[in-house]
2 protein chains.
Amino acid sequence: MKPDLDECLRAGGLRRTAQRYSVLEYLTRRPIHATADEIHAALNRRFPLVSRATVYNTLRDLTRAGLVRELSSEGKAALFDAVIHPHHHFVCDQCGALEDIEWFDIPDRSRKAATGDRAVRSYEVTFHGICGRCTKSSTTH
Amino acid sequence: MKPDLDECLRAGGLRRTAQRYSVLEYLTRRPIHATADEIHAALNRRFPLVSRATVYNTLRDLTRAGLVRELSSEGKAALFDAVIHPHHHFVCDQCGALEDIEWFDIPDRSRKAATGDRAVRSYEVTFHGICGRCTKSSTTH
DNA sequence: GTCCCTGCAAACGGTTTGCACCCGG
DNA sequence: CCGGGTGCAAACCGTTTGCAGGGAC
C-alpha cells in the first residue's frame, strides 16, 4: 500500500513485519506526540496485534534508524514523533506541559561553529518558561 | 557563608534548610550534569545528611523555582544543572551519549516570532546525530 | 533452514508518596 | 506553636529483558 514505509524499514536495516509497519504507519499518519502506551492502545483498538514490549522494542529500533524521534518528556512517559514535521518546543517548568513551536532555522554560522565536525542529523530548540495556564493560576494575590 | 544562595531559596519561596542549601551549593559549585543519585552520594560521602527522597523533592522544588534545570536524558536518569552556565547539547541517537555544545544566541527575530507572548525564561538547542565513538565502531565493513 | 522478531510476564530502576517525627520562622 | 520539610520504606510506573514459539527472507 505504502511502499515508501517498507523502504524506510529496509533502509534502516529492519525486517518488514506487521508490527513495525503499523507502528511506523501510525506515527506517520498522525505526526503528533504520542506515548508508547498511546500507540499500543491505538493499534490494538480494533484487534490485538502488537504487544506492549514490541511497541517499545520497535520504537527503540525506529529511533535508532532515525525514522522516529524520541522526546523524553521530563520524567513522564517518553513521546514519539515520526521524523516528518520538524518543530521546536516550549516546556512549562512548573506543570511540565509541552507545547509545539513553529519551526525556524538557526543560522548556519552559529550552528556550524558550535557543533564543529559532529555528524548532526537534526536539531531542535527547547524553550523553558511558565505556560499561560500556570501564569494565571499562580498569581500571588 | 554564601548569602546569595539563601536569597535564591527565599526568592523561590523555599525555606532555608541544610538539605536544600547543600543540594543547591553542590550544583552551583560544580556546574556539571549530575544525576539525583550522584548528588545524593556526593553529599553523604562525609556523613549522612540528606535522604534520597529529599534530594528528589528538593530538586523538584528547585527546578520549579527556576534555580535548577532538569535534563531528561532519554530514558536514563535525569540530569540536573544549576542555572549558571547556559549551554546547548548534542545527543547521540545511537548510544544516548550527551555532549555539551558551547553557547550561542538565537537571533531575537526568529525567537520572538516563534514563541509569541509566552513567558520564556530560557532556551537551549539540542542537536541530534551520531557521536564520534559510534561513527567509528559502526562502520559497515 | 536460520535468525530475528514477537508475546508474555517478571524484573528493573528511577522517582514519588504516605506517614510520623522534626525543625525553621 | 504551626506548617512545612525530612527520612524511611513501600508503592509506582515506564521501560527492559529472558525465554519459548513463530515468521521473514
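Listed by chain and residue number, nothing satisfies the salt bridge (Lys or Arg N to Asp or Glu O under 4.0 Å) test with A/Arg30 (two or more places apart in sequence, or in another chain). Under the salt bridge (Lys or Arg N to Asp or Glu O under 4.0 Å) criterion, B/Asp108 pairs with B/Arg111, not counting sequence neighbours. For A/Glu102, there are no salt bridge (Lys or Arg N to Asp or Glu O under 4.0 Å) partners, not counting sequence neighbours. The side chain to side chain contact (heavy atoms under 4.5 Å, CB included) search around B/Ala113 returns none, not counting sequence neighbours.
Look at CZ on A/Arg64: it is 15 Å from P on D/dT15, rounded to the nearest Å. One can place CZ of A/Arg10 at 12 Å from P of D/dA24, the figure rounded to the nearest angstrom. The nearest whole Å value for the distance from the CZ atom in A/Arg60 to the P atom in D/dG14 is 18 Å. In this structure, B/Lys76 places its NZ atom 19 Å from P of D/dG14, rounding to the nearest Å. If you measure from atom CD of B/Glu38 to atom P of C/dG13, you get 16 Å, rounded to the nearest angstrom. Rounded to an integer number of Å, the gap from CG of A/Leu79 to C1' of D/dG14 is 12 Å. Between the P atom of C/dG25 and the CG atom of B/Leu9 lies a distance of 10 Å, rounded to the nearest Å.
Note on the helix from C/dG1-D/dC25 to C/dG25-D/dC1: terminal axis deviation equals 50°, with five pairs used at each end and the result rounded to 10°.
Proximity of a side-chain donor or acceptor of A/Asn44 to a complementary backbone N or O of A/Val50 within less than 3.5 Å is detected.
Residue pairs meeting the salt bridge (charged side-chain N to carboxylate O under 4.0 Å, His left out) criterion with at least one member in residues 49-69 of chain A, sequence neighbours excluded, are A/Arg20-A/Asp61, A/Asp37-A/Arg52. Counting only residues at least two apart or in different chains, salt bridge (charged side-chain N to carboxylate O under 4.0 Å, His left out) contacts with residues 114-126 of chain B comprise A/Asp93-B/Arg121, A/Glu99-B/Arg118.
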Shorter than 3.5 Å, N or O on both sides, protein versus nucleotides 3-12 of chain D: list them out with atom names.
| unit_1 | atom_1 | unit_2 | atom_2 | d |
| --- | --- | --- | --- | --- |
| D/dG3 | N2 | B/Arg15 | NH1 | 3.0 |
| D/dG4 | O4' | B/Arg15 | NH2 | 3.3 |
| D/dG5 | OP1 | B/Arg20 | NH1 | 3.0 |
| D/dG5 | OP1 | B/Arg20 | NH2 | 2.7 |
| D/dT6 | OP1 | B/Thr17 | OG1 | 2.7 |
| D/dT6 | O3' | B/Gln19 | NE2 | 3.1 |
| D/dG7 | OP1 | B/Gln19 | NE2 | 3.2 |
| D/dG7 | OP1 | B/Leu49 | O | 2.5 |
| D/dG7 | OP2 | B/Ser51 | N | 2.9 |
| D/dG7 | OP2 | B/Ser51 | OG | 3.1 |
| D/dG7 | OP2 | B/Thr54 | OG1 | 2.6 |

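Between B/His88 and B/Phe104, the ring planes are tilted. Angles from 30° to 60° get that label.
Taking side-chain N and O atoms only, A/Tyr56 has no distance below 4.0 Å to OP1 or OP2 of D/dT16.
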For residues 78-87 of chain A, dump all side-chain donor-acceptor pairs below 3.5 Å to protein atoms at least two apart in sequence or in another chain.
| unit_1 | atom_1 | unit_2 | atom_2 | d |
| --- | --- | --- | --- | --- |
| A/Asp81 | OD1 | A/His33 | N | 3.4 |
| A/Asp81 | OD2 | A/His87 | NE2 | 3.4 |
| A/His87 | ND1 | A/His85 | O | 2.8 |
| A/His87 | NE2 | A/His33 | NE2 | 3.2 |
| A/His87 | NE2 | A/His89 | NE2 | 3.2 |

